[in-house]
Amino acid sequence: MCGLAGWLSFQRDLTLHTSIAAAMNATLECRGPDSHGIWASRHALLAHRRLAVIDLEGGKQPMASAEDSRSPVITYTGETYNYRELREELRDLGHVFRTDSDTEVVLRAYLEWGAAFAERLTGIYAMAIWDPRTEELLLVRDRMGVKPLYYWPTDDGVIFGSEPKAILAHPHTEAVVDAEGLREIFGIVKTPGHAVFRGMHEVRPGTVVRFSRAGRQVSRYWQLTAREHTDDFDTTVATVRSLLEEIVSSQLVADVTVGTLLSGGLDSSAVTALAARALSRGGGSGRPVLAFSVDFKGHSERFQANVQWADPDTPFAVEVAEHVGAEHVIVELDNADVLDDEVREQVLRAQDLPVSTGDMEYSLLVLCRALKQRMTVALSGEAADELFGGYTWFHDREAVEGDTFPWHHPFEKAGGIGALRTVGLWGRLGLTEYVKQRYAEALEEVPRLAGESGLQARMRELTYLNLTRWENFLLDRKDRISMATALEVRVPFTDHRLVEYVYNTPWEMKSFDGREKSLLRAAMRGVLPDSVLDRKKNPYPSTQDRGYERAVRERLEAVIAADDSPVLRLASREEIRRLLDAPEGAYSMGGPWSARAVLERLVEFDRWVRLYDVRIEL
């Protein structure tokens with residue numbers, strides 16, 4: 001899966017600055033522990049950290065198309081699932097391959113088709129290609145933004161990297177966050193292209209950014225479009241099933257062990273079941289699929305249903321594993337695991353931002369560590385909720401009819417917005433106006449079908465908002481945390497063919513029985529147990545242990561006790577103590593919408609400013 005970094009400068013001899021590329025590359029060691037490399041020329045430096053998944057010996061990077069100094073060079077992260085088909089097509093066109101890696105296929109696709117090559121790729125990827133023939137650098141990101149890629153324009157080029165930390169390791173950059181950056185952190189907006197640090201940008205999904213002596217040029221090679229859905233219901237169900245079978249099977253391709261993340265919910269269970277079927281047909285030498293789940297000690301006994309979680313996950317995960325014949329491992333955690341300072345610092349370093357969803361992030365890291373001991377690649381169920389309408393806000397009339405991002409509805413109900421108001425941050429940062437502005441911008445982007453109106457038009461809007469904002473937040477979290485343990489996570493529900501098809505499927509088909517994800521349930525009927533198919537959607541598990549809540553309160557108390565605490569630049573001790581004066585149990589509910597997540601974010605904000613030496617400019 002790997003990490004990349006680099007520097008383009010038309011006014012310097014960069015062969016004299018390879019130590020800078022090495023320092024940038026070193027920040028990404030967790031993303032690529034297997035090997036590393038730097039390629040240097042007068043005006044371009046490319047760096048790479050490798051997590052070997054395909055062609056373990058031949059796929060080392062940066063990779064040049066030939067040995068001469070005029071040949072294009074690539075530093076590439078991710079996977080191109082159709083690389084075998086592309087390789088055969090390119091061979092027919094006269095290309096000769098030296099390796100069996102997908103990296104070389106991507107590079108030769110660029111040689112054959114130029115910047116249009118990205119339209120031919122199916123996969124998750126981010127890459128930089130330097131072409132000495134044209135003196136042009138291309139930064140390319142996959143259609144749904146599964147793999148991260150950031151850049152910092154300079155007067156004579158650009159600095160870039162898989163993660164902000166790589167860019168911030170360059171001496172010409174600095175970690176400055178202004179009011180707009182703080183609004184992104186606390187507003188739960190996730191504006192595409194916004195990188196929080198002033199001067200830094202995110203390459204938007206489905207985009208090519210070119211840098212040359214003439215400057216910067218940004219172009220989209222893919223985006224969602226609206227088109228009429230002409231399939232009847234039975235055909236639609238069959239098509240979804242067929243697409244998922246093909247996609248999951250293609251994502252099992254690797255020269256290392258592949259497994260799944262299994263929660264016991266519909267999405268991860270579907271991926272696990274389809275992976276088990278594909279492996280039983282010989283895709284993995286007939287071995288059982290290896291599935292990992294996470295749980296908290298005593299969670300079933302203390303569990304209390306709420307607006308987000310209806311029941312504990314583990315019994316359903318066990319049932320699915322038995323149903324499909326998986327080798328099932330349950331990673332059981334306690335408070336010490338998710339409160340461990342080393343775990344929490346690793347999560348912060350992985351994400352580069354204090355975007356805490358609370359114990360979810362820390363338990364995910366510990367889970368990924370456990371997976372890494374048995375596998376290098378795992379399939380996950382991310383994006384099904386956004387695509388098929390799984391969240392509560394797709395089915396809550398107030399949220400549907402609201403005039404803001406739909407996930408702000410549970411954020412309000414669960415207390416997160418209220419907590420920000422209590423400490424004065426919501427008003428101080430002007431979040432009402434900021435969210436309203438970003439929401440209006442997002443609605444302007446929505447691809448619409450001529451003549452479409454009413455509920456169908458509104459649900460198209462909500463689906464688009466979820467796929468281009470909320471999902472990017474979740475994909476970024478999953479990628480950063482998993483890659484911090486050198487684990488590659490693949491996400492079948494982000495395949496653009498499935499996304500394009502389901503995005504344009506009418507809402508009445510997606511919710512034909514009045515429930516969430518009705519279409520996906522129908523497609524998986526006969527593959528999964530009815531108990532799982534009929535289960536209410538649950539988010540990723542979060543602890544309800546009061547001991548965890550007490551620990552978070554104590555940490556925030558310790559943070560504000562220090563006179564030099566960075567968090568006191570955001571809110572006063574008195575304002576923060578209003579949060580802490582709430583009775584025990586007020587913050588038992590976790591998740592990104594909760595008041596507890598706000599407490600966690602304030603704690604991590606303090607650690608983040610100190611760790612990254614962030615300068616806050618309000």
Expected output: side-chain [X] to main-chain [Y] donor-acceptor under 3.5 Å:
{"X": "R469", "Y": "V189", "result": "no"}
{"X": "H408", "Y": "I188", "result": "yes"}
{"X": "N504", "Y": "R227", "result": "yes"}
{"X": "S594", "Y": "A597", "result": "yes"}
{"X": "R141", "Y": "K147", "result": "yes"}

For the student: nearest non-hydrogen atoms of [X] and [Y], plus distance:
{"X": "P492", "Y": "S380", "answer": "CD-O, 3.2 Å"}
{"X": "S268", "Y": "L261", "answer": "CB-O, 3.2 Å"}
{"X": "P592", "Y": "F473", "answer": "CB-CE2, 4.5 Å"}
{"X": "V271", "Y": "F493", "answer": "CG2-CE1, 3.7 Å"}
{"X": "T207", "Y": "R220", "answer": "OG1-CD, 2.9 Å"}
{"X": "C2", "Y": "H48", "answer": "CB-NE2, 3.4 Å"}

| field | Aromatic ring proximity H229/Y501, centre distance under 6.0 Å | value | yes
| is_close_aromatic(F160, F211), centroid dist under 6.0 Å |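 That pair fails the under 6.0 Å test.
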| message | If we check side-chain contact (heavy atoms from CB on, under 4.5 Å) with I330, which of these qualifies: L262, V294, T314? | response | T314
| message | Can you see whether Y503 has R460 sitting over its ring - NZ or CZ less than 6.0 Å from the centre and within 45° of the normal? | response | yes
Non-hydrogen side-chain atoms of [X] and [Y] separated by less than 4.5 Å:
{"X": "N82", "Y": "S250", "answer": "no"}
{"X": "L467", "Y": "V499", "answer": "yes"}
{"X": "R120", "Y": "E85", "answer": "no"}
{"X": "T505", "Y": "F233", "answer": "no"}
{"X": "V240", "Y": "V502", "answer": "yes"}
{"X": "T75", "Y": "M127", "answer": "no"}
{"X": "Y110", "Y": "P72", "answer": "yes"}
{"X": "F316", "Y": "R535", "answer": "yes"}

| Do L266 and L528 pass the side-chain contact (heavy atoms from CB on, under 4.5 Å) test, and can you show the C-alpha distance, the side-chain angles, and the key distance before you say yes or no? | CA-CA 9 Å; L266 175 61; L528 293 171; 3.9 Å; yes
To the nearest 0.5 Å, how far apart are [atom1] in [X] and [atom2] in [Y]?
{"X": "L244", "Y": "D495", "atom1": "CG", "atom2": "CG", "answer": "9.0 Å"}
{"X": "E136", "Y": "Q217", "atom1": "CD", "atom2": "CD", "answer": "7.5 Å"}
{"X": "S511", "Y": "K517", "atom1": "OG", "atom2": "NZ", "answer": "13.5 Å"}
{"X": "R87", "Y": "E89", "atom1": "CZ", "atom2": "CD", "answer": "13.5 Å"}

Side-chain donor-acceptor distances from residues 437-444 under 3.5 Å, at least two apart:
unit_1	atom_1	unit_2	atom_2	d
Q437	NE2	E441	OE2	3.1
R438	NE	T191	OG1	3.3
R438	NE	Y434	OH	3.0
R438	NH1	E441	OE1	2.9
R438	NH2	E180	OE2	3.3
R438	NH2	Y434	OH	3.1
Y439	OH	R458	NH1	3.1
Y439	OH	R458	NH2	3.2

salt_bridge([X], [Y]) N-O dist < 4.0 Å:
{"X": "K190", "Y": "E202", "result": "yes"}
{"X": "R448", "Y": "E452", "result": "no"}
{"X": "R108", "Y": "E104", "result": "yes"}

| task | Would you tell me whether T357 and R477 have side-chain atoms, one donor and one acceptor, within less than 3.5 Å of each other? | result | yes
| request: Kindly write out the residues that satisfy salt bridge (charged side-chain N to carboxylate O under 4.0 Å, His left out) with E319, not counting sequence neighbours, or none if the list is empty. | output: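 Listed in chain order: nothing, the list is empty.
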| query | side chain to side chain donor-acceptor pair (under 3.5 Å) with E516: which of H395, R521, K537? | reply |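 Among the candidates, only R521 passes.
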| Passing option when N466 is tested against W407, W393, Y391 for side chain to side chain donor-acceptor pair (under 3.5 Å) | W393
| query | Counting only heavy atoms not in R525, do more than 12 fall under 6.0 Å of its CZ? | reply | yes
